[in-house]
Amino acid sequence: MSEQNPPVDRVIALIREALTVEVPDPDLDLVEADLIDSLALVSLITEVETAFGVELPLEDFDIEKFRSARQIAEYVDAARVSGGAP
Amino acid sequence: MSQLLQDFAGRSAESRGDAAALVLGEERLTYGELDQLSDRLAAQIVDAGCQPGDRVAILMSKRPLALVAMQAIMKAGCVYVPIDAESPAARAALIVGAAEPALLLAAPEAATLLDGLAESSTLPPVWSIETAPVEGERVRSERARGEWDLDAAPPGVRVSSDAPVYLLFTSGSTGQPKGVTITHHNVIAFTEWFVKQFDSRAGERVSGHPPYHFDLSTLDIYTAFAAGAELHIVPPALSLDPHRLAAWIRDSELNRWNSVPSVIAYMTKFKVVAENDFPTLERLMWCGEVLPTPILIEWMRKLPHVRFSNLYGPTEATVVSSWYDVPEVPASETDAVPIGRVVDDEELLILDEELRPLPVGEVGEICIAGVGLSPGYWGDPERTAAAFPPDPRSDDGSRIYRTGDLGFLGEDGLFHYRGRADSQVKSRGYRIELGEIESALRSLEEIQECAVVGLDGDAFEGVSICAAFVGDEEVELPGLRRRLGELLPSYMLPVRWIQLDELPMNLNGKVDKLVLREKFLAAAKQRVGVR
């Protein structure tokens with residue numbers, strides 16, 4: 001089921017559930033804080049796609065825009081606007 | 001005078017001193033500079049009182065000066081011990097406690113880890129490899145580059161080629177990491193075989209991807225130094241960014257890329273490789289775990305100008321014990337890639353539990369004999385004796401190494417890998433004993449009992465580490481994961497968790513890991529179903 005404008009707290013809940021990682025601050029750089037690695041990143045992308053009903057094209061995936069919970073929420077919004085799958 | 005491992009770079013400094021030895025971003029170090037800087041640091045290490053055979057720990061992320069540190073430690077006759085700079089202090093403390101280094105060479109950013117280490121361990125003097133000092137709350141460097149990079153004559157210490165050159169600590173099932181001792185002769189034999197087998201040449205551009213506590217880094221470093229090649233260090237920030245990693249391979253005009261399957265699979269997932277990409281690349285080799293055949297097929301089709309080589313070998317037998325050049329695109333996605341033929345002066349034996357040889361085609365334990373064999377685990381004669389028994393075919397004192405890997409010799413004369421005989425798993429190239437994770441989990445007070453299993457995932461994920469536990473009350477998982485992260489490096493942390501009222505037991509009174517795997521599989525399916 002998809003929803004409009006995924007709020008940051010839903011992204012935080014998703015990270016908590018999918019990766020067992022508590023995000024203390026929506027602007028925390030998850031990579032810098034060593035909270036996600038390549039394996040976690042790929043499962044997070046899949047989880048985000050499923051939870052928010054979007055497709056995040058991996059061909060031009062930009063990790064620089066996927067580093068904090070807030071950025072992830074914005075990335076999902078942008079993917080919707082640019083015509084990701086419903 | 002017998003050859004020592006530092007002589008490879010030394011000879012390249014004599015023959016091509018102005019040629020680049022190390023490249024990282026804008027930073028370049030020539031063979032001449034590498035030689036001179038390591039002479040200077042070696043002189044200071046000897047001057048500080050380090051004796052031949054003393055251990056010197058290295059605590060820094062990948063950088064040209066880390067290679068200066070290794071060369072210098074060898075020139076001082078000492079043994080280098082790379083410690084994972086990403087590792088939590090509690091685990092690094094176990095390694096420092098076992099290796100008992102006389103000196104610690106660190107980078108400024110290791111200050112936090114060093115502070116953590118100093119809480120539980122007595123540390124030797126710390127020197128900064130960089131101009132900036134190491135400035136922690138508790139730990140400060142005694143010397144920084146300004147104090148060691150001084151004109152000095154090389155110390156001229158020569159140890160025996162059978163002397164230890166480095167210790168690499170790998171996961172241990174009881175929770176104590178095992179320090180694999182490797183001699184100069186071990187690495188020299190491997191390096192000479194490699195350079196001959198793969199025609200390494202001066203000026204060739206090769207990659208340095210794995211961190212220095214991982215034995216594949218030995219391949220990058222010494223095969224490059226022996227050939228007088230350029231070692232292009234993969235910038236650490238790229239490991240999470242497949243698009244930039246691919247661009248880096250193009251821009252560096254790599255000729256040989258030494259990789260691990262998880263990185264190749266990661267790049268495949270993000271579709272970063274184009275048809276006929278990486279035009280300068282001649283060879284791609286991987287080591288550390290199985291590369292799924294569908295991924296290999298995709299890469300071989302896209303890069304017809306590249307040779308693909310599978311390398312196999314445990315740290316205990318020095319990087320590589322067998323290799324296989326894939327001759328053509330595999331016919332079927334279900335064909336497993338062989339681990340191939342044994343390297344020069346080593347033997348692969350397929351033995352049963354009594355160490356008796358098995359006939360062609362029968363699966364048994366892969367055991368290794370020959371020049372690559374480590375003298376054993378540092379300060380641990382018991383585990384050494386168990387893993388390195390006498391060679392059952394002779395009574396001249398020679399030994400074999402029991403890998404714990406299963407495999408067979410095919411009718412085709414090639415060796416084939418068939419998984420593990422015990423509870424060791426590979427994840428992202430790292431060798432992980434599930435027992436080490438269980439031991440760390442058990443030390444947490446909210447855990448009564450626990451069991452950790454590996455679950456085979458898809459081609460990219462490899463093995464998923466899954467932890468089941470019994471706790472006093474409902475345990476909050478993110479907090480549990482965080483506390484475990486204070487004991488284990490992040491690549492060892494479980495990705496799936498189940499809290500149970502009791503662990504399933506089999507008839508022998510042991511935890512029934514088959515039932516546990518079923519539980520994790522069922523939980524994963526349920527999760528997908530909810531969405």
Side-chain angles (χ1 to χ4, degrees), chain A residues 1-3 6 9-25 28-69 71-72 75-76 79 85-86, chain B residues 85-88 236-246 260 262-263 265-274 427-430 457-467 475-485 489-498 524 527-531:
Chain A
M1 198 180 73
S2 72
E3 60 176 69
D9 50 4
R10 276 225 52 201
V11 172
I12 290 177
L14 187 69
I15 294 173
R16 183 192 158 96
E17 190 195 350
L19 305 180
T20 334
V21 165
E22 197 72 77
V23 178
D25 170 358
L28 176 74
D29 186 325
L30 302 168
V31 177
E32 199 83 2
D34 202 20
L35 289 175
I36 54 176
D37 61 8
S38 58
L39 196 58
L41 179 69
V42 171
S43 45
L44 185 58
I45 291 170
T46 313
E47 295 279 347
V48 164
E49 288 182 326
T50 315
F52 301 121
V54 288
E55 203 174 310
L56 305 178
L58 295 181
E59 295 89 307
D60 45 22
F61 186 82
D62 187 356
I63 174 74
E64 294 308 316
K65 294 180 183 158
F66 211 78
R67 296 177 74 114
S68 69
Q71 278 187 330
I72 293 170
Y75 200 91
V76 170
Chain B
E86 307 279 316
S87 159
L238 298 193
S239 55
L240 211 60
D241 196 331
H243 290 282
R244 282 173 63 208
L245 178 58
V260 289
S262 56
V263 172
Y266 192 50
M267 295 175 77
T268 311
K269 193 120 192 159
F270 286 84
K271 305 183 176 76
V272 299
V273 182
S427 176
R428 284 154 282 181
Y430 290 104
D458 68 11
F460 166 70
E461 287 171 0
V463 175
S464 298
I465 298 168
C466 307
V475 176
E476 191 246 357
L477 290 178
L480 177 64
R481 184 185 185 277
R482 195 181 61 243
R483 285 186 291 282
L484 191 63
S490 54
Y491 60 82
M492 284 195 196
L493 297 178
V495 294
R496 295 186 205 166
W497 301 83
I498 295 184
R527 215 174 127 62
V528 172
V530 169
R531 290 275 153 74

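Note on naming: letters A, B, ... go to the chains in the order of the sequence lines (proteins, then strands), and numbering restarts at 1 for each one.
Checking side-chain atoms of Glu49(A) against main-chain N and O of Leu56(A) turns up a donor-acceptor pair under 3.5 Å.
Considering only heavy atoms from C-beta on, Val11(A) stays 4.5 Å or farther from Tyr75(A) through its side chain. No side-chain heavy atom of Ile36(A) sits under 4.5 Å from any side-chain heavy atom of Ile15(A).
No other option in Arg482(B), Arg244(B), Glu476(B) has as many heavy-atom pairs under 4.5 Å with chain A as Glu476(B).
Heavy atoms of Asp60(A) lying under 4.5 Å from chain B belong exclusively to its backbone. Heavy atoms closer than 4.5 Å to chain B are found in the backbone of Leu19(A), but not in its side chain.
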(message) Using side-chain contact (heavy atoms from CB on, under 4.5 Å), reason through Leu240(B) and Ser38(A) one step at a time and then give a plain yes or no.
(response) CA-CA 5 Å; Leu240(B) 211 60; Ser38(A) 58; 3.8 Å; yes
